[in-house]
Amino acid sequence: MVRTRVAPSPTGDPHVGTAYMALFSYCYAKQHGGQFLLRIEDTDTARSTAKSEQAIIDSLHWLGLDWDEGPDCGGSKGPYRQSERLPVYQEYAEQLLENDHAFHCFCTAERLQQMRAEQKQNGQTARYDGLCAGLSAQQVTERKAAGAESVIRMKVPSEGVCIVEDALRGSIEIEYAQIDMQVLVKADGFPTYHLAVVVDDHLMEISHIIRGEEWINSAPKHQLLYGYFGWQMPELIHMPLLRNPDKSKLSKRKNPTSISFYKDMGYLPEALLNYLGMLGWSMPGGEERFSLDDMIDQFDISRISLGAPVFDVTKLKWLNGRWLREVLDEDGFAARLSEWVYNRDKLMQIIPLVKERVDVFSDLGKMISFFVEGMPDLGPDDFDYKGAVTEQQVKVLQFSLWLMEGDIDWHSSALQQGLVALAEAMDMKIRDFLKPLFIAVSGKPVSPPLFDSLVVLGPEISRGRLRHALAVLGGVSKKKLKKLDSEFKTLS
RNA sequence: GUCCCCUUCGUCUAGAGGCCUAGGACUCCAGGUUUUCAUCCUGGCAACGGGGGUUCGAAACCCCCAGGGGACGCCA
């Protein structure tokens with residue numbers, strides 16, 4: 001039985017890279033008549049949020065990548081949220097300890113940092129030096145009794161070569177000496193990714209792991225753990241990483257990476273999926289427009305190319321256009337359009353903002369057009385008003401963007417509070433402060449109330465517009481960004 | 001720095017030793033259709049990273065180099 005999974009961590013916006021892995025995992029499972037599951041990897045207590053988990057679930061459902069088992073729908077191998085499986089990991093960590101495959105480690109962060117720095121300086125791979133590996137049971141007990149914090153690390157052979165099989169690349173050889181004695185259980189008692197993923201994939205009977213290439217280097221650790229437990233290793237399929245136009249790993253600083261951004265911009269889920277499918281994979285017949293079902297029918301991992309593809313929004317846009325005009329008839333188009341923006345929920349959000357400002361319906365057009373625009377059509381001239389200082393505007397926009405990228409509740413009052421506080425910290429009148437934001441967000445010097453508008457637009461589009469405005473104003477150099485960053489930090 | 005992965009037009013890709021004077025698509029340019037624009041159609045620009053092998057024959061196989069990317073966390 002083929003069983004695949006996608007296992008995102010609920011930190012921040014749901015990423016197109018997650019959708020990419022989910023798509024390939026889904027296709028592989030479905031093609032083989034197997035199951036696809038969703039597991040939430042929330043073992044990082046500091047960064048995981050329920051909000052993010054919900055956003056991931058919503059985004060993947062929007063795309064139509066539905067799972068057979070998961071935290072929202074249950075299943076026989078649950079729970080599917082790692083924070084709810086703590087006793088399970090504890091049991092297996094205990095087992096490793098008993099069989100001498102793991103050990104307690106009391107090293108401090110400072111010591112580890114120093115050790116790594118020295119190793120790197122000596123041209124070695126940074127790796128735990130094994131100081132605590134030889135501690136006796138008695139020593140461990142004593143130190144614990146004395147209240148010392150500790151973690152559990154896995155043991156790794158000091159010699160030899162580990163060979164992991166990748167379904168796309170064949171054998172990959174990595175010397176054990178290169179492999180770190182990974183922490184398996186943190187001081188807070190939570191497992192790290194490495195322990196949790198192995199235990200869960202085995203218990204959930206995952207047969208094929210489709211994940212990003214970034215994981216290749218930790219595959220030996222996982223294989224070692226499978227060996228320690230006496231479990232069968234699943235097939236490994238490492239997908240190439242999606243990249244920014246500058247070839248670095250796809251990141252939100254350089255490219256919109258959030259699935260909801262594309263949803264809010266008015267892309268069709270079918271088109272996004274289709275585009276993701278053509279990155280690193282192609283239909284045997286060379287068709288560029290294909291549906292999820294087409295992909296499942298024709299899927300074949302031997303058609304995956306290994307060069308990491310650049311996520312090119314221009315081509316995605318063209319593809320979306322094809323779906324819009326070639327696949328949808330007029331009824332379908334109308335249905336999708338109202339689903340996107342002219343739905344009742346959205347209108348009910350917008351109406352309170354414009355009702356007082358309108359005499360006849362025909363006044364409405366120019367007032368609300370910015371709610372349905374992607375990026376407003378802006379030029380530097382639009383920021384040229386009485387008393388305008390570009391330098392200052394850039395600062396306002398960049399600082400506001402950072403504020404909005406932070407952990408802020410996307411509600412009118414929270415946004416108002418945050419921005420007003422920022423204006424005060426910058427010693428600016430709120431009116432002057434808000435002006436460039438109005439222009440950036442609405443494309444006009446006047447618009448319905450800003451904070452409420454931001455809420456209607458949503459975080460993705462709002463941030464996108466601020467970035468767009470910054471670019472219109474000439475962009476911010478790396479050097480300047482650094483300077484602004486330190487200034488921003490002193491303010492907040 | 002150490003280790004790992006990758007390498008065909010600017011970008012996404014086809015290519016499983018002869019069908020390759022390397023095909024398609026996006027972008028861009030030129031032309032046509034269209035009252036405008038868009039769509040659509042036609043055409044054009046543009047690539048096998050370099051060097052060694054193997055072979056009658058290499059974009060494809062092997063080796064070296066270079067370039068790019070990734071990993072080196074009590075993040076995932």
Side-chain angles (χ1 to χ4, degrees), chain A residues 7-12 15 17-18 39-48 82 105-109 112-113 116-128 149-153 161-162 164 166 168-170 172-180 182-197 211-221 238-250 274-289 302-319 321-322 324-326:
Chain A
S9 66
T11 54
H15 199 274
T18 304
R39 183 175 66 227
I40 297 295
E41 310 234 320
D42 56 350
T43 52
D44 184 347
T45 48
R47 297 199 307 146
S48 298
Q82 292 187 324
C105 172
F106 295 88
C107 292
T108 61
L112 294 173
Q113 198 183 358
R116 289 181 189 123
E118 279 172 21
Q119 288 168 331
K120 283 194 186 183
Q121 199 150 38
N122 296 334
Q124 296 165 303
T125 299
R127 180 182 193 257
Y128 183 65
E149 266 200 348
S150 70
V151 300
I152 298 174
R153 284 180 189 276
V161 176
C162 179
V164 293
D166 177 89
L168 304 176
R169 283 160 260 257
I172 297 171
E173 299 187 10
I174 299 177
E175 287 187 46
Y176 281 117
Q178 295 295 330
I179 302 165
D180 199 8
Q182 184 65 49
V183 170
L184 298 177
V185 179
K186 310 177 211 179
D188 66 4
F190 272 63
T192 58
Y193 169 82
H194 302 281
L195 206 220
V197 78
R211 54 158 41 153
E213 197 177 13
E214 54 194 327
W215 294 109
I216 289 181
N217 285 293
S218 23
K221 292 171 193 170
H238 290 100
M239 295 294 296
L241 251 28
L242 264 22
R243 301 205 244 179
N244 295 309
D246 71 359
K247 309 275 188 177
S248 56
K249 177 169 152 180
L250 193 64
N274 184 172
Y275 181 64
L276 255 12
M278 70 161 67
L279 294 180
W281 187 79
S282 59
M283 289 283 273
E287 301 88 346
E288 294 206 279
R289 201 198 76 214
S302 74
R303 294 193 66 81
I304 293 174
S305 47
L306 295 175
V310 170
F311 190 93
D312 177 14
V313 184
T314 308
K315 189 152 186 180
L316 166 60
K317 202 173 175 203
W318 162 81
L319 225 208
R322 282 194 62 182
L324 245 29
R325 68 183 92 90
E326 293 174 14

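Below, read A as the first sequence line, B as the second, and so on, with proteins coming before strands; counting in each chain starts at 1. What you are looking at is a predicted structure, and each value in this text was computed from that prediction instead of being measured.
Candidate nucleotides B:A76, B:C4, B:C12 were compared by shortest atom distance to the side chain of A:Glu214, and B:A76 ranks first. Closest approach to the A:Pro309 side chain among B:A76, B:U13, B:U39 is made by B:U13 (side chain taken as heavy atoms from C-beta onward). Taking the side chain of A:Asn217 as heavy atoms from C-beta on, and the options B:U11, B:C6, B:C3, the nearest nucleotide is B:C3. The listed nucleotides are B:C26, B:C12, B:A76; the one nearest the side chain of A:Thr314 is B:C26. Each of B:C72, B:C74, B:C26 was ranked by its minimum atom distance to the side chain of A:Ala126; first place goes to B:C72.
If you take atom C1' in B:A22 and the same atom in B:G15, they sit 8 Å apart, rounded to whole Å. Taking the P atom of each, B:A30 and B:A66 are spaced 43 Å apart, rounded to whole Å. B:C19 and B:G57 are spaced 15 Å apart, taking the P atom of each and rounding to whole Å. Atom name P, nucleotides B:A76 and B:G10: the rounded distance is 40 Å, in whole Å. The separation of B:U21 from B:A60, taken at their P atoms, amounts to 14 Å, rounded to a whole angstrom. Look at the C1' atom in both B:U54 and B:C63: the space between them is 11 Å, to the nearest Å. B:A14 and B:G24 have their C1' atoms separated by 7 Å, with the value rounded to a whole Å. Remark: the separation of the P atoms in B:G68 and B:U27 is 29 Å, to the nearest Å.
Between B:C72 and A:Thr125, no contact under 4.0 Å exists linking OP1 or OP2 to a side-chain N or O. OP1 or OP2 of B:A71 sits under 4.0 Å from a side-chain N or O of A:Lys249. In terms of phosphate contacts, A:Lys247 brings a side-chain nitrogen or oxygen within less than 4.0 Å of OP1 or OP2 of B:U11. Checking the phosphate oxygens (OP1, OP2) of B:C72, no side-chain nitrogen or oxygen of A:Ser218 falls inside 4.0 Å. Taking side-chain N and O atoms only, A:Arg116 has a distance below 4.0 Å to OP1 or OP2 of B:C74.
Residue A:Glu287 qualifies as enclosed at atom CD: its count of foreign heavy atoms under 6.0 Å is above 12. Around CD of A:Gln124, the count of heavy atoms belonging to other residues, nucleotides or ligands within 6.0 Å exceeds 12. The neighbour count for A:Glu326 CD, taken as heavy atoms of other residues, nucleotides or ligands under 6.0 Å away, is above 12. The environment of NZ in A:Lys317 is sparse: at most 12 heavy-atom neighbours from other residues, nucleotides or ligands sit within 6.0 Å.
Among the heavy atoms of the strands lying under 4.0 Å from A:Glu173 are primed sugar atoms or P, OP1, OP2 only; no base atom is included. Counting any heavy atom pair closer than 4.0 Å across all strands shown, A:Gly321 reaches no nucleic acid atom. As judged by a 4.0 angstrom heavy-atom cut-off over every strand, A:Arg243 is placed among residues touching the sugar-phosphate backbone only. Here A:Arg47 lies in heavy-atom contact (under 4.0 Å) with a base. A:Cys107 comes within 4.0 angstrom of a base, heavy atoms only. A:Arg289 comes within contact range of no nucleotide atom at all, as no heavy-atom separation falls under 4.0 Å. Using a 4.0 Å heavy-atom distance criterion, A:Gly123 is classed as a sugar-phosphate-only contact. Residue contacts for A:Val183: at a heavy-atom cut-off of 4.0 Å it reaches the sugar-phosphate backbone alone, with no base atom in range. Within 4.0 Å (heavy atoms only), A:Ser305 reaches sugar-phosphate atoms of the nucleic acid but no base atom.
Atoms NZ (A:Lys120) and P (B:U2) sit 12 Å apart, rounded to a whole Å. Residue A:Gln178 contributes atom CD, which lies 10 Å from atom P of B:U2 at whole-angstrom precision. As rounded to whole Å, 7 Å separates atom C1' of B:C26 from atom CG of A:Asp312. Atom CD in A:Glu213 sits roughly 13 Å away from atom P in B:G69 (whole-Å rounding). Summarising the geometry, the separation between CG on A:Leu316 and C1' on B:C26 is reported as 11 Å, rounded to the nearest angstrom. Computed from coordinates, the A:Leu319 CG to B:U27 P distance equals 11 Å when rounded to whole Å. Atom CD1 in A:Ile304 sits about 17 Å away from atom C1' in B:G15, given to the nearest Å. Going from atom CG of A:Asp166 over to atom P of B:G70 covers 18 Å, rounded to whole Å.
Across all strands shown, B:A66 pairs with B:U7; the Watson-Crick or G-U wobble distances both stay below 3.5 Å. For B:A14, there is no paired nucleotide, since no Watson-Crick or G-U wobble pair has both relevant distances below 3.5 Å. Searching all strands for a Watson-Crick or G-U wobble partner of B:G1 with both distances below 3.5 Å returns B:C72. Base pairing analysis places B:U36 opposite nothing; no Watson-Crick or G-U wobble pair with both distances below 3.5 Å involves it. The base-pairing partner of B:A22, taking Watson-Crick or G-U wobble contacts with both distances under 3.5 Å, does not exist among the strands shown.
Between A:Arg39 and A:Glu41, at least one side-chain nitrogen of the basic residue sits less than 4.0 Å from a carboxylate oxygen of the acidic one, meeting the salt-bridge criterion. Using a cut-off of 4.0 Å between Lys/Arg side-chain N and Asp/Glu carboxylate O, A:Asp312 and A:Lys315 are scored as not salt-bridged. Electrostatic pairing of A:Glu214 and A:Lys249 counts as a salt bridge here, judged by a charged N lying under 4.0 Å from a carboxylate O.
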Practice prompt. Begin from the C-alpha positions of A:Arg243 and A:Leu250 and carry the test side-chain contact (heavy atoms from CB on, under 4.5 Å) through to its verdict.
Written response: CA-CA 4 Å; A:Arg243 301 205 244 179; A:Leu250 193 64; 5.7 Å; no
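Ring-plane geometry between A:Trp215 and A:Tyr193 is classed as parallel, the angle between the planes falling under 30 degrees on a 0 to 90 degree scale with a further cut at 60.
Residue-to-nucleotide proximity on RNA chain B shows that, of A:Ile174 and A:Pro191, the 5′-proximal contact is made by A:Ile174. Nearest-nucleotide positions on RNA chain B for A:Lys186 and A:Gln119 put A:Gln119 closer to the 5' end.
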